[in-house]
Structure formats: structure tokens, C-alpha cells
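Step one of this worksheet: look at the structure below.
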Amino acid sequence: MSLAEQLAPDLIRIPSPNPPGDTQAIATHVSQLLHGWGFHVVEYYPPIKPRARSIVATLGRGEPGLLYHAHLDTVPIGVQEANRWSSDPYTPTWRDGRLYGKGSVDDKGPLAAMLAVAQHLTTQPQPLAGMFVLVAAAEEETGGQWGTRWLADQGYIPPVDFVVVGEQTANRVATAHKGILRATVQVYGRSVHATNPDRGVNAINAMARVILALEDYHRRLQGRVHALVGSPTCNIGIIQGGAATNVVADACEVRLDRRLLPGEDVAAAQRELSEVVAAVPLPTGARVEVGDFSVSNAFETNADTPFTQRFLAVTREVLGDDPGPVGYLPGSDAKHLTAIARQGMIVFGPGSYEVAHAADEYVDLAELAQTEAILWRFAEQTLLR
Ligand SMILES: [Zn+2]
């Protein structure tokens with residue numbers, strides 16, 4: 001049995017759903033493990049969210065610096081989802097070579113593999129040639145603002161040469177993911193009694209034209225292709241408008257998600273979106289506004305750096321198969337660590353993100369053992385020379 005497989009069950013047993021994002025209990029457990037193995041461990045929490053505990057643990061000092069990152073929180077269990085679990089989500093359950101439980105693959109399996117490497121490093125006869133950092137972060141599932149981003153902004157995470165962010169890549173080496181530009185589009189009309197709609201301006205009808213223009217915009221975006229992550233997208237996720245069936249609606253709002261390619265200029269994408277909306281021919285008396293922009297950064301690393309090449313080589317050795325580089329479709333905390341990683345960063349871990357946020361979440365134990373072996377060999381080659 002791999003050490004990761006031995007460590008993962010206790011992590012699953014300590015619930016850490018976000019929201020609410022209380023990671024105190026699991027942070028205490030992880031701190032105690034690392035402290036017991038001889039790491040220097042500090043627990044951090046933002047004053048605005050004192051229950052969102054994150055850990056930065058270090059061993060050794062100087063260069064090279066290697067950082068392994070995983071998150072402590074999980075998504076919550078939805079009402080529908082709860083009925084679909086075959087076993088209790090917080091009771092680790094072994095079946096058919098898999099370990100089932102909430103967070104088993106996202107992100108407690110990857111965290112267990114990283115903890116296993118931490119433990120192995122402390123039992124070596126020679127001292128580390130450099131520094132190993134393990135970050136176990138809160139708040140990833142809600143965007144990382146009060147987790148990894150906050151830790152990085154406060155200077156609590158030391159700069160290192162290479163970062164591995166543990167997420168679900170089927171043990172392939174992901175060197176890029178998309179970013180997100182969120183925006184709200186509002187259309188205003190004029191409300192009158194529904195018995196004579198021509199005297200008013202129907203904001204819902206006007207919004208229909210905006211929606212078709214955005215659908216067309218999404219289609220045009222498919223002409224731009226990034227080798228690893230594909231094309232940008234534009235999706236309307238929410239629509240609201242109108243007050244009653246017998247009233248001409250005077251307002252309608254949609255909220256949308258525009259995925260950004262690595263390297264895409266955020267300001268330019270924002271401008272482009274505003275231009276698409278502004279160009280829609282609206283009925284007289286209607287007006288449209290785009291705003292409430294928020295951005296989640298894309299991430300891309302140069303796969304040619306020596307560290308990334310070494311990680312690819314180690315992965316190829318263990319898998320006996322082509323490890324990539326590949327793209328990772330969801331976002332990750334990697335976007336908050338670009339200023340920390342001097343010579344590259346990858347996203348890497350067992351399983352699929354499609355299994356991650358669903359009932360009967362599991363980690364394949366043979367795959368988890370491979371994750372541990374790859375992370376270990378890479379740490380060994382980097383820090384025990
Ligand atoms: Zn995750």
C-alpha cells in the first residue's frame with residue numbers, strides 16, 4: 001500500500017466543504033503530521049475569514065526551491081448529490097481498487113501524495129540540497145481570494161524555482177489553463193401595461209437580440225485556437241428580467257462567462273465584448289450597459305525549462321507513456337502563484353475533474369501510487385543530489 005493511500009482516509013474523514021469553507025480541523029491534522037516529521041509549519045488565516053486556515057510548511061533552505069501545492073477545501077455536497085452517494089461521503093470506502101469519499105480525488109488524494117513525499121524527504125540520510133515547501137490551502141473552491149492569493153499577496157509563500165499544483169490531470173503534465181472574464185449585461189426599456197405593449201419598450205425583447213449577438217460572438221471565437229486548451233468561449237449562465245406577465249418589462253439582465261486563452265489580453269477581451277454588445281441594433285428607447293467585470297487569470301508555463309523537462313521525463317518513466325504537456329480545462333490555484341514560481345509551474349495529479357465534483361467521487365489507488373512515485377522521484381532528483 002502506498003503511503004498516500006494510508007494518509008488519504010484520515011483526510012477524507014475530516015469534512016471541509018466550501019462553503020462554508022471551515023478548514024480548521026483538517027489544517028490542524030495536516031499541521032500535526034508535518035510538525036511531527038520535522039517541518040517548520042505555520043498556519044495562516046485572513047482576519048476576514050478566520051476559519052479559512054491554510055498551511056505553509058518548509059523543510060531545508062536555499063536553492064533550488066520546490067513547492068508542492070494542494071487545497072484543503074472541497075465542494076459542498078448538494079441535496080441531489082447526497083441521495084446519489086452509494087456510501088457515506090465522509091467515510092472512506094474501498095471498492096474495486098478505488099478509494100471513495102468526498103474530496104478523495106479533489107483534492108485530498110493529491111494532498112496525501114504530497115504529504116507522503118514530505119514524509120519520505122525527512123527520512124533520508126543526507127540533508128536537502130535546497131528547500132521543499134508544502135502549501136495546503138483553504139478557499140480554492142471559491143476562487144482562492146482568501147486562500148492562495150491572499151497567502152501570496154501577504155508574502156507568506158517563499159519564491160521558489162518550481163511549483164506543482166495538485167489537481168486532476170490523470171497524471172499528465174498540464175502546463176496551461178484558461179482564465180475567466182465574467183460580466184453582466186443590462187438592458188433597460190420602459191414599462192407600460194401589457195394591454196398596449198407598443199407604447200412601451202420591452203427590455204426582454206431587446207435582450208433577445210443581445211443574446212443572439214453573443215451566441216454569434218461565441219461561434220466566431222472558435223476560430224482562435226490554443227494548442228493545449230482549445231478556443232475561447234462565451235456562455236450566458238443567468239438571465240433575469242420582468243416583473244409580471246401583464247407588464248412590459250423595463251429591465252433585463254444576463255450574466256456571462258467568457259473563457260480567456262493563456263496570453264489573451266484581458267482589457268482587449270473586455271473591450272471586444274463591450275463592442276459586440278454595443279453593436280446590437282436595439283429598438284428605439286432601449287439602452288444597454290456592460291459592466292461588473294471580474295477576472296480570474298489564465299496560466300501558462302514554458303514547457304522547455306529544465307524543471308518542466310525533468311518532470312516530464314520522470315512522469316514518462318513511471319507511466320511508460322506520453323505525459324504531455326497537456327492543457328487543464330478548469331481553473332486552479334496556479335493562477336495565483338505565477339509570481340512565486342521562478343522557473344515554471346505545472347498542474348498534476350490523479351483522476352479526472354469530471355469525477356471531482358460529483359457523487360461517488362473516488363481516486364484510483366494504482367493511479368494515486370503513481371502520483372506519489374512521480375512526485376517523489378522528481379523531489380529526489382531536485383533536492384537530494
Ligand atoms: Zn481541486
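Of the possible polar contacts, one joining the Arg209 side chain to the Pro281 backbone as a donor-acceptor pair under 3.5 Å is found. At distances below 3.5 Å, at least one donor-acceptor pair connects side-chain atoms of Gln309 with backbone N or O atoms of Ala303. Checking side-chain atoms of Thr169 against main-chain N and O of Gly349 turns up a donor-acceptor pair under 3.5 Å. Side-chain atoms of Thr382 do not come within 3.5 Å of backbone N or O of Ala379 as any donor-acceptor pair. With hydrogens and angles ignored, the 3.5 Å screen pairs a side-chain donor or acceptor of Arg53 with a backbone N or O of Pro50. With hydrogens and angles ignored, the 3.5 Å screen pairs no side-chain donor or acceptor of Arg182 with any backbone N or O of Ser296. Gln119 places no side-chain N or O within 3.5 Å of a backbone atom of Leu115 that could act as its donor or acceptor partner. Panel note: side chain Asn302, backbone Asp304; a donor-acceptor pair is recorded below 3.5 Å. A donor-acceptor distance shorter than 3.5 angstrom exists from the side chain of His336 to the backbone of Gly143, with no hydrogens or angles considered. In this structure, Ser54 contributes its side chain and Gly147 its backbone to no donor-acceptor pair below 3.5 Å.
A tilted orientation is assigned to the rings of Phe311 and Phe162, their planes being inclined by 30° to 60°.
No continuous path of hydrophobic side-chain contacts links Val165 to Ile180 [ILVMFWY only; heavy atoms under 4.5 Å]. Under a hydrophobic-cluster definition in which Ile, Leu, Val, Met, Phe, Trp and Tyr are linked whenever side-chain heavy atoms come within less than 4.5 Å, directly or via other members, Leu72 and Tyr90 are assigned to different clusters. No chain of hydrophobic side-chain contacts below 4.5 Å, direct or via other Ile, Leu, Val, Met, Phe, Trp or Tyr residues, connects Met131 to Leu384. No chain of hydrophobic side-chain contacts below 4.5 Å, direct or via other Ile, Leu, Val, Met, Phe, Trp or Tyr residues, connects Leu66 to Val135. Residues Leu121 and Ile55 fall within the same hydrophobic cluster, defined by Ile, Leu, Val, Met, Phe, Trp and Tyr side chains chained together at heavy-atom separations under 4.5 Å.
Looking at Ser332 and Glu167, their side chains never bring a donor and an acceptor atom within 3.5 Å of each other. No side-chain donor-acceptor contact under 3.5 Å links Thr23 and Asp73. With no hydrogens or angles considered, a side-chain donor-acceptor pair links Asp106 and His71 at under 3.5 Å. Tyr45 and Gln24 are not linked by any side-chain donor-acceptor pair at a separation below 3.5 angstrom, with hydrogens and angles left out of the test. Side-chain atoms of Thr233 and Lys178 include no donor-acceptor pair closer than 3.5 Å. No donor-acceptor contact under 3.5 angstrom links the side chains of Tyr362 and Arg95, judged on distance only.
For the pair Arg310 and Phe307, the cation sits on the ring face: its NZ or CZ lies under 6.0 Å from the ring centre, inside 45° of the axis.
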Tell me, with the steps shown, if Val355 and Gln168 meet side chain to side chain contact (heavy atoms under 4.5 Å, CB included).
CA-CA 9 Å; Val355 169; Gln168 300 73 51; over 6 Å; no
Run the side chain to side chain contact (heavy atoms under 4.5 Å, CB included) check on Tyr44 and Trp150 step by step: do they pass?
CA-CA 10 Å; Tyr44 294 102; Trp150 177 78; 3.7 Å; yes
Hey, mind stepping through Ile239 and Ile211 against side chain to side chain contact (heavy atoms under 4.5 Å, CB included) and telling me if it holds?
CA-CA 10 Å; Ile239 181 163; Ile211 291 171; 3.8 Å; yes
What do the steps show when you test His177 against Lys335 for side chain to side chain contact (heavy atoms under 4.5 Å, CB included), and what is the final call?
CA-CA 9 Å; His177 66 60; Lys335 60 181 174 274; 4.2 Å; yes
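In this structure, Leu337 CG and Leu151 CG are separated by 9.0 Å, a value rounded to the nearest 0.5 Å. From Glu367, atom CD reaches atom CD of Gln370 across 7.0 Å, with rounding to the nearest 0.5 Å. Leu260 contributes atom CG, which lies 8.5 Å from atom CG of Asn297 (distance to the nearest 0.5 angstrom). Taking OG1 from Thr148 and CD from Glu139, the interatomic distance works out to 9.5 Å, rounded to the nearest 0.5 Å. Once rounded to the nearest 0.5 Å, the distance linking CZ of Phe293 with CG of Leu273 reads 5.5 Å. In this structure, Lys49 NZ and Arg51 CZ are separated by 10.5 Å, a value rounded to the nearest 0.5 Å.
Across all their heavy atoms, Phe378 and Val314 have their closest contact at N-CG1, 4.1 Å. When all heavy atoms of Glu300 and Pro262 are compared, the closest pair comes out as OE1-CB, 3.4 Å. Heavy-atom minimum distance, Ala358 versus Trp85: O-CZ2, 3.9 Å. Considering all non-hydrogen atoms of both residues, Ala183 and Val290 come closest at CB-CG1, 4.4 Å. Ala359 approaches Arg84 most closely through the heavy-atom pair CB-CB, 3.7 Å. Residue Met114 comes nearest to Tyr68 through the heavy atom pair SD-CB, 3.7 Å, listed as atom of the first residue, atom of the second, then distance.
No side-chain heavy atom of Arg258 sits under 4.5 Å from any side-chain heavy atom of Gln270. Within the 4.5 Å cutoff, the side chain of Lys108 has heavy atoms near those of the Thr74 side chain. Contact of the Lys102 side chain with the Pro15 side chain is not registered, since no non-hydrogen atoms from C-beta on lie closer than 4.5 Å. Side-chain atoms of Val133 and Pro158, non-hydrogen and from C-beta on, do get closer than 4.5 Å to each other. Taking 4.5 Å as the limit, every side-chain heavy atom of Ile14 sits out of range of all side-chain heavy atoms of Thr28. Counting heavy atoms from C-beta on, the side chains of Glu81 and His357 never come closer than 4.5 Å. Side-chain contact between Val318 and Asn171 is absent, with no heavy-atom pair separated by less than 4.5 Å. Looking at Leu181 and Glu264, their side chains never come closer than 4.5 Å, going by heavy atoms from C-beta outward.
One finds a salt bridge joining Arg224 and Glu272 here, because a Lys/Arg side-chain nitrogen approaches an Asp/Glu carboxylate oxygen to under 4.0 Å. We find that Asp321 and Arg172 are joined by a salt bridge, their nearest charged nitrogen and carboxylate oxygen being less than 4.0 Å apart.
Taking a 6.0 Å sphere around CZ of Arg61, one finds it holds 12 or fewer heavy atoms contributed by other residues, nucleotides or ligands. Heavy-atom contacts from other residues, nucleotides or ligands closer than 6.0 Å to CD of Gln154 number more than 12.
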